[in-house]
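Here is the structure we will look at, set down as structure tokens.
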Amino acid sequence: MENLKTILSKAVVDIFKQKFDTEIAAENLTFSDTSKNFEGDITLVVFPLLRYSKLKPEATGETIGNELVQLDIVESFNVVKGFLNLIISDTYWSTYFKGIFANDDFGKGVQKEKKVLIEYSSPNTNKPLHLGHVRNNVLGSAVAGILKAAGYQVHTCNLVNDRGIHICKSMLAWEKAGAKDTPDNTGLKGDKLVGSYYVEFEKSLQAQAQPLMEKVLAKDFSDINKDEKQKIQDAVSRYYDADESKKADLKDAVKTLIRNATPIMHEAREMLQKWETGDREVLALWNKMNGWVYDGFDVTYKALGVSFDKTYYESNTYLLGKNIVEEGLTKGILFKKEDGSVWIDLTDEGLDQKLLLRADGTSVYMTQDLGTADLRYQDFKMDQSVYVVGNEQEYHFQVLKLILKKLGRTYADGIYHFSYGMVDLPSGKMKSREGTVVDADDLIDEMIATAKKNTIELGKMDEFTSEEAGNLYRIIGLGALKFYLLRVDPVKRILFNPQESIDLQGYTGPFVQYSYARIQSIMRRFYKDYQELQVQNLQDLKPIEKELIIKMSQYPDTVEFAASELNPAKLVDYIYELAKLYNKFYSELSIFNDGDDNTHKRCTLSLMTGRILKSGFNIVGMDVPDRM
RNA sequence: GGCCUCAUAGUUCAAUGGAUAGAACGAAAGUUUCCUAAACUUUAAAUGCAGGUUCGAUUCCUGCUGGGGCUACCA
């Protein structure tokens with residue numbers, strides 16, 4: 001069906017042709033919602049048209065308004081300064097509403113050719129998922145859902161960082177602790193077990209690094225092996241020579257070198273090299289421990305309700321990356337330093353030199369990302385590739401895109417880093433060393449437990465079986481959590497206040513869910529009392545009824561907008577507003593005590609509202625309950 | 001130092017360059033013989049600072065102040 005703005009745009013273009021003898025482009029017309037302080041269903045902003053009309057704002061508005069009321073759909077108008085407020089006829093809204101009511105796919109965009117691949121989650125296998133990953137997963141699956149709803153061909157993937165020094169640290173610590181704990185004999189979730197050994201490793205590392213640091217700062221280098229001695233001596237003298245203002249940074253630099261110079265780090269790096277050369281024992285251990293981690297991740301993903309069309313593993317792609325590095329060397333895009341390390345010089349692009357292969361031949365993050373990029377393109381041939389990764393990696397993706405471009409990869413242009421802000425706690429940043437990281441599983445459990453507690457307190461569980469109840473708590477708890485994370489513009493940091501996040505009132509997921517459940521309750525009663533819903537002409541629309549229809553009419557545009565902006569918050573906010581408006585409608589008007597016509601009309605409106613609330617929530621990965 | 005990013009009621013968030021800047025929480029007051037009060041109604045309360053572009057700036061540009069990030073042979 002033709003959209004209101006389209007109809008009005010055409011009419012206004014005609015008016016300008018006839019009245020002012022000028023051609024204006026329909027795209028230049030700005031229609032906006034009418035401000036609450038004025039009467040109208042939709043507003044045309046006439047300021048931009050003054051140069052065509054050559055009249056004052058009021059006169060221009062009057063002229064356009066006088067012509068528009070000739071249309072059946074425009075009932076009346078008023079002009080305030082440069083704003084032409086139009087009142088649209090009930091007949092139009094009635095016809096329009098019947099159209100969208102009959103459309104099962106209302107809100108969904110037309111199918112598009114464009115193919116998009118969305119990568120999100122991307123965990124490391126050395127520790128469990130935390131709140132930061134939760135934001136990533138929730139955003140990633142929401143963006144995928146929105147693009148799908150907007151009509152794009154969407155695929156999702158996960159890139160698991162399953163190899164590298166971090167997992168070797170856990171492996172080493174596990175071996176040193178006797179190599180006997182398993183998820184089975186400890187009862188721990190696999191990722192938790194492996195993560196605990198990562199923590200163990202860090203403790204041992206700390207224990208070795210601290211005395212070494214003290215010695216070195218006292219200029220005693222006897223415990224440093226000769227390969228590292230020179231660098232460390234240099235760093236220490238830079239530290240002592242520096243001004244006060246720079247001392248902290250330079251001390252950190254020394255610390256980093258010291259950490260790398262500890263015996264336990266040497267062991268970890270040896271293990272990594274063994275891994276890269278295919279040492280069977282190391283590989284077996286690696287497989288075993290990663291397997292535990294995947295079992296653990298599966299539980300978390302399932303609890304979060306996210307999934308992927310394809311999972312990539314760095315262990316399968318880093319070699320491809322090494323080949324690409326070779327290719328780059330051959331093409332003269334990359335260069336080798338004396339120590340054998342490979343770099344790209346991006347100083348011409350305003351960036352720095354970037355390492356692609358270590359001196360010992362092992363690969364870094366960038367190396368495997370190059371390989372993965374090629375592989376993904378072979379698999380999906382996508383037009384656009386969205387990486388949902390935190391904003392601390394903006395530089396990385398800038399470099400990745402540049403390198404791929406220099407290598408002549410045509411798909412490089414389609415690479416888009418969906419960069420989102422970090423999650424902070426009221427106490428500040430999450431820091432694993434300080435134990436302030438919010439664990440994903442714990443968080444989910446806590447949300448569900450709070451949902452349970454509140455629901456029981458409200459005494460609403462009489463009609464539920466225990467299975468239904470458990471399901472309800474899960475829907476509410478996750479709805480609260482996801483809504484809390486999605487309602488904020490992705491580019492912004494989120495302040496995660498545990499207290500607030502589990503609020504179930506106000507601007508929250510449960511508010512929307514409650515509105516939906518209310519509607520279902522209405523509809524249950526309706527079908528009990530009446531045979532079937534008669535979708536008649538909607539007559540005598542009350543202001544709130546019309547407002548509700550207008551709000552519903554904006555759903556498809558909102559989905560489209562959220563897709564073009566890649567911003568789930570736009571859709572989430574709209575759904576909340578619709579629910580809020582519905583609650584107002586619900587309290588202002590009686591559905592069952594105002595005559596049969598009104599009952600049918602208001603149930604039709606209720607049913608449609610419910611469909612949109614559900615559809616919108618589902619798109620971004622949330623669920624709604626039939627009763628709560 | 002360089003690059004990127006953010007700054008709006010007491011707090012957490014909104015506002016395709018458009019009207020008198022919206023919500024929620026918190027604060028104050030009210031609504032339940034009637035469809036689910038996890039709701040609704042009312043009150044008080046905000047654009048960091050200084051310029052510029054524009055008919056019009058919270059939005060775009062410049063500078064400043066403040067927070068965060070990046071600038072690793074970590075990922």
Side-chain angles (χ1 to χ4, degrees), chain A residues 30-32 34-38 43 45-48 50-51 57 80-83 85 122 124 126 161 164-166 246 253 256 260 269 314 337 339-343 350-352 354-360 362-366 368-369 389-396 398 419 421-422 424 429 451 454-455 457-458 460 476 484 487-489 491-497 499-501 503-508 510-511 513-515 517-522 524-526 557 561 564-565 569-570 573 576-577 579-580 582-584 586-593 599 602-603 606 627-628:
Chain A
T30 35
F31 288 97
S32 62
T34 304
S35 158
K36 273 184 191 163
N37 307 302
F38 304 96
T43 294
V45 183
V46 303
F47 291 109
L50 302 184
R51 45 190 287 230
V80 182
K81 290 187 272 181
F83 299 93
N85 302 318
S122 315
N124 292 356
N126 61 322
N161 184 2
I165 193 75
H166 50 87
K246 292 189 175 165
T256 305
N260 283 330
R269 275 202 302 274
E314 281 192 18
K337 286 194 180 174
D339 62 5
S341 58
V342 180
W343 298 72
L351 306 174
D352 298 316
K354 188 84 186 169
L355 176 91
L356 295 178
L357 222 49
R358 291 192 187 100
D360 65 8
T362 57
S363 58
V364 291
Y365 185 43
M366 186 63 78
Q368 64 77 25
D369 242 1
V389 179
N391 64 9
E392 78 275 19
Q393 291 191 34
E394 271 165 18
Y395 185 72
H396 170 81
Q398 227 177 322
S419 164
M422 297 289 98
D424 288 330
K429 285 193 68 170
N454 278 54
T455 309
E457 270 173 16
L458 288 167
K460 292 188 166 187
I476 297 174
Y484 187 84
R487 65 181 211 189
V488 181
D489 187 330
V491 305
K492 294 190 180 168
R493 316 171 62 80
I494 283 189
L495 183 71
F496 187 86
N497 185 329
Q499 223 48 46
E500 246 174 56
S501 67
D503 267 349
L504 309 177
Q505 272 130 36
Y507 189 22
T508 65
F511 176 95
Q513 292 169 328
Y514 175 71
S515 313
R518 264 184 158 179
I519 291 171
Q520 302 321 302
S521 172
I522 295 270
R524 279 191 295 271
R525 170 158 171 198
F526 177 84
D557 281 355
F561 185 53
S564 68
E565 302 270 304
K570 304 288 179 192
D573 190 56
Y576 169 76
E577 282 176 12
K580 186 160 179 55
Y582 180 81
N583 280 325
K584 190 178 174 188
Y586 181 94
S587 64
E588 255 180 50
L589 300 172
S590 174
I591 291 174
F592 290 105
N593 304 309
T599 300
R602 289 172 192 161
C603 281
S606 297
R627 59 182 97 213
M628 74 184 268

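Chain naming here is simple, since letters A, B, ... match the order of the sequence lines and numbering starts at 1 in each. What you see is a predicted model; the values in this text were computed from it and never measured. Below, all heavy atoms of this structure are taken into account, side chains as well, without hydrogens, waters or symmetry copies.
- Only the P atoms considered, B:G2 is 15 Å distant from B:U62, to the nearest whole Å.
- In this structure, the nucleotide among B:C74, B:C25, B:C35 sitting nearest to the side chain of A:N260 is B:C74.
- Which of B:A19, B:A24, B:A38 sits closest to the side chain of A:S35 comes down to B:A19.
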A:Y514 and A:Q505: CA distance, side-chain angles, deciding distance, side chain to side chain donor-acceptor pair (under 3.5 Å) verdict: CA-CA 10 Å; A:Y514 175 71; A:Q505 272 130 36; over 6 Å; no
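- Contact annotation: A:K584 side-chain N/O to B:A23 OP1/OP2 distance is not under 4.0 Å.
- When the nucleotides B:G18, B:C25, B:G69 are ranked by their closest atom to the side chain of A:D503, B:C25 comes out on top.
- Contact annotation: A:K580 reaches the phosphate of B:A24 (side-chain N/O to OP1 or OP2, under 4.0 Å).
- Side-chain nitrogen and oxygen atoms of A:K429 include at least one within less than 4.0 Å of the OP1 or OP2 phosphate oxygen of B:G69.
- Looking at A:K460, its side chain comes within 3.5 Å of the base of B:A38 through a donor and an acceptor atom.
- With distances taken from any side-chain atom of A:Y395 to the nucleotides B:U41, B:C70, B:A39, the minimum falls on B:C70.
- In this structure, CZ of A:F592 is placed 11 Å from P of B:C35, rounded to the nearest angstrom.
- Of the candidates B:A38, B:A39, B:A72, B:A39 carries the atom nearest the A:F511 side chain, counting heavy atoms from C-beta on.
- Scanning atom types as modelled, no donor and acceptor separated by under 3.5 angstrom connect the side chain of A:T34 and the base of B:A19.
- With sequence neighbours left out, A:L458 forms a side-chain contact (heavy atoms from CB on, under 4.5 Å) with A:K460.
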Between A:T508 and A:Y484, is a side chain to side chain donor-acceptor pair (under 3.5 Å) present by the stated rule, with each step listed? CA-CA 7 Å; A:T508 65; A:Y484 187 84; over 6 Å; no
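- Taking the six-membered ring where the residue is Trp, A:F511 and A:Y576 present tilted rings, their angle falling between 30° and 60°.
- Between the C1' atoms of B:G48 and B:A44, the separation comes to 23 Å (whole Å).
- Candidate nucleotides B:A23, B:C13, B:A19 were compared by shortest atom distance to the side chain of A:F38, and B:A19 ranks first.
- Taking the side chain of A:V488 as heavy atoms from C-beta on, and the options B:G18, B:C13, B:A19, the nearest nucleotide is B:C13.
- Pairing each heavy atom of A:A517 with each of A:R627, the nearest pair is CB-CA, 3.8 Å.
- Contact between the side-chain N/O atoms of A:R518 and the OP1/OP2 oxygens of B:A37 is found at a separation under 4.0 Å.
- For A:K492, no side-chain nitrogen or oxygen approaches OP1 or OP2 of B:G68 to under 4.0 Å.
- Phosphate contact (OP1/OP2 of B:A23, side-chain N/O of A:R487, threshold under 4.0 Å): absent.
- Phosphate contact (OP1/OP2 of B:U36, side-chain N/O of A:S521, threshold under 4.0 Å): present.
- Taking the side chain as every heavy atom from C-beta outward, A:T43 and A:S35 never approach each other to under 4.5 Å.
- A close approach under 4.0 Å does not occur between any side-chain nitrogen or oxygen of A:K354 and OP1 or OP2 of B:C70.
- Nearest to the side-chain atoms of A:V80 among the listed nucleotides B:A19, B:C74, B:A24 stands B:A19.
- The gap from the C1' atom of B:C6 to that of B:A14 amounts to 16 Å, rounded to the nearest Å.
- Closest contact between the side chain of A:R493 and the listed nucleotides B:A72, B:U36, B:G67 involves B:G67.
- With hydrogens and angles ignored, a donor-acceptor pair closer than 3.5 Å exists between the side chain of A:T455 and the base of B:A38.
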